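Working notes for the structure below.
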Amino acid sequence: MKKIVVLTGAGMSAESGIKTFRDEDGLWKGHDVMQVASPEGFRRNPELVFEFYNQRRRQLLSVKPNKAHYNLVDLEKYFDVEIITQNIDNLHEKAGSTKVTHLHGELLKVRSTYNENIVLNWMKDLHLGDLGPDNKQLRPHIVWFGEMVPMLDKAIEITSKADILIIIGTSMQVYPAASLVNFIKPNTPIYFIDPKPSITKNDFNNLKIISDFASEGTDKLISILKQ
């Protein structure tokens, strides 16, 4: 069975109603990103950081996977599919995808500020004074700017085994995620789905660009792959 590796970004979840990083009316509007997504910002104003992620968590609990998520589940009937996502939502899992690696952490989990291996499922708001089993303050289980990306080595290993690479809804500007394309085997077919593609046909060998939103783009892609 051929192995498909799918790299997904914010555009994958946009049709579910989750604001993307760059939306004019997005959740980042009005926030300096370093205030809410860096260790320094957390030290300076943990309440602001908690409230920012509490809003995002509440929003996530109110939305559903979209057709693109279900299309990737459908691909598992024909291929060995592994998803590497930059997204911190759980919509791939909710739709039924069985192999999902989160590069940037997970919104519905928290971890100890003292021991990063203490990770808990968390569906409610998080506040100052919420402690883990080690009696230390809990924080969002998110990879912030300036922090190591602990799942990167696993993602590189997965990508290096791809027979086909699919990239959906990501600008290919966010590192280290954007560097994963450098680890595929030579001549691996690449499909890039995005309504405003940030790359051109000449950027990679064997690249096909599908200039569509995730749902329409994955519809077209499944037709191509089934042939």
Side-chain angles (χ1 to χ4, degrees), residues 6-21 23 26-28 31 33 35-39 41-42 45-73 76 81-152 154-155 158 168-170 174 177 214:
V6 190
L7 179 60
T8 67
M12 183 78 197
S13 298
E15 290 171 73
S16 292
I18 289 185
K19 302 295 186 192
T20 69
F21 217 110
D23 279 349
L27 283 165
W28 295 88
H31 287 292
V33 106
Q35 288 179 340
V36 293
S38 73
F42 183 62
N45 192 344
E47 279 106 337
L48 176 69
V49 175
F50 287 141
E51 184 46 37
F52 176 75
Y53 288 100
N54 288 343
Q55 284 179 25
R56 299 192 76 184
R57 196 178 300 104
R58 285 178 223 138
Q59 188 202 16
L60 174 55
L61 292 170
S62 73
V63 301
K64 296 183 173 68
N66 62 60
K67 192 166 194 296
H69 292 104
Y70 290 112
N71 280 345
L72 294 187
V73 178
E76 292 192 15
V81 179
E82 286 213 47
I83 296 169
I84 300 166
T85 187
Q86 295 167 257
N87 299 335
I88 58 174
D89 61 61
N90 66 336
L91 297 180
H92 283 300
E93 291 93 337
K94 224 172 176 178
S97 287
T98 56
K99 295 181 189 171
V100 184
T101 298
H102 286 267
L103 271 184
H104 295 160
E106 296 178 66
L107 190 54
L108 297 183
K109 291 184 178 176
V110 297
R111 71 172 187 256
S112 164
T113 48
Y114 186 73
N115 179 351
E116 63 187 28
N117 296 314
I118 296 177
V119 179
L120 310 173
N121 292 321
W122 201 267
M123 306 287 279
K124 57 190 182 189
D125 285 359
L126 180 63
H127 300 289
L128 213 51
D130 287 333
L131 307 180
D134 58 353
N135 261 348
K136 303 291 183 187
Q137 175 65 46
L138 294 167
R139 57 160 276 182
H141 184 46
I142 305 293
V143 177
W144 287 329
F145 291 101
E147 292 186 322
M148 298 288 288
V149 180
M151 301 307 283
L152 184 61
K154 181 185 176 188
I158 293 167
I168 305 173
T170 172
V174 178

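Every value quoted in this text rests on a predicted model; they were computed, and no experiment measured them.
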Would you check if there is a donor-acceptor pair between the side chains of [Y] and [X] at a distance under 3.5 Å?
X: Glu82; Y: Thr101; answer: no
X: His102; Y: Glu93; answer: yes
X: Ser97; Y: His69; answer: no
X: Thr170; Y: Gln86; answer: yes

(Q) Please enumerate all residues that pass side-chain contact (heavy atoms from CB on, under 4.5 Å) together with Asn45, with sequence neighbours excluded. (A) Glu47, Leu48
Q) For Asp134, which residues count as a side-chain contact (heavy atoms from CB on, under 4.5 Å) partner, sequence neighbours excluded? A) Ser112, Tyr114, Asn115, Ile118, Lys136
Heavy-atom closest contact ([X] atom, [Y] atom, distance):
X: Ala37; Y: Trp144; value: O-CB, 3.2 Å
X: Glu147; Y: Arg139; value: OE2-NH1, 2.8 Å
X: Ala155; Y: Leu103; value: CB-CD2, 3.9 Å
X: Gly96; Y: Val73; value: C-CG2, 3.7 Å
X: Pro39; Y: Phe145; value: CD-O, 3.3 Å
X: Ala214; Y: Gly11; value: CB-O, 3.9 Å

Q: Could you walk me through whether Leu72 and His92 pass the side-chain contact (heavy atoms from CB on, under 4.5 Å) test, one step at a time?
A: CA-CA 8 Å; Leu72 294 187; His92 283 300; 3.7 Å; yes
Q: Would you sort out whether His127 and Asn54 count as a side-chain contact (heavy atoms from CB on, under 4.5 Å), showing the intermediate values?
A: CA-CA 9 Å; His127 300 289; Asn54 288 343; 4.2 Å; yes
(Q) Holding to salt bridge (Lys or Arg N to Asp or Glu O under 4.0 Å), I want the full list of residues that pass it with Glu116, two or more places apart in sequence or in another chain. (A) none
Q.
Run the side-chain contact (heavy atoms from CB on, under 4.5 Å) test on Thr8 and Asn87 for me, step by step, so that the C-alpha distance in whole Å, both residues' side-chain angles and the decisive distance to 0.1 Å come before the verdict.
A. CA-CA 7 Å; Thr8 67; Asn87 299 335; 4.1 Å; yes
Separation of [Y] [atom2] from [X] [atom1] (nearest 0.5 Å):
X: Tyr53; Y: Phe42; atom1: OH; atom2: CZ; value: 10.5 Å
X: Gln59; Y: Ser16; atom1: CD; atom2: OG; value: 10.0 Å
X: Gln55; Y: Phe50; atom1: CD; atom2: CZ; value: 14.5 Å
X: Arg56; Y: Leu108; atom1: CZ; atom2: CG; value: 11.5 Å
X: Leu126; Y: Lys109; atom1: CG; atom2: NZ; value: 15.5 Å
X: Lys64; Y: Tyr70; atom1: NZ; atom2: OH; value: 8.5 Å

**Q.** Val6/Ile84 under side-chain contact (heavy atoms from CB on, under 4.5 Å): CA gap, chis, key distance, verdict
**A.** CA-CA 6 Å; Val6 190; Ile84 300 166; over 6 Å; no
Any side-chain heavy atom of [X] within less than 4.5 Å of one from [Y]?
X: Val100; Y: Thr85; value: yes
X: Ile168; Y: Met12; value: yes
X: Ile142; Y: His104; value: no
X: Thr113; Y: Leu138; value: no

Q: State whether the side chain of Glu76 and the backbone N or O of Thr98 hold a donor-acceptor pair below 3.5 Å, judged by distance alone.
A: yes
Q. Taking Arg57 for the side chain and Leu107 for the main chain, is one N or O donor matched with an acceptor at less than 3.5 Å?
A. yes
Q | Intermediate values then yes/no, salt bridge (Lys or Arg N to Asp or Glu O under 4.0 Å), Arg58 and Asp125 | A | CA-CA 8 Å; Arg58 285 178 223 138; Asp125 285 359; 3.0 Å; yes
(Q) Around atom NZ of Lys124, are there more than 12 heavy atoms from other residues, nucleotides or ligands closer than 6.0 Å? (A) no
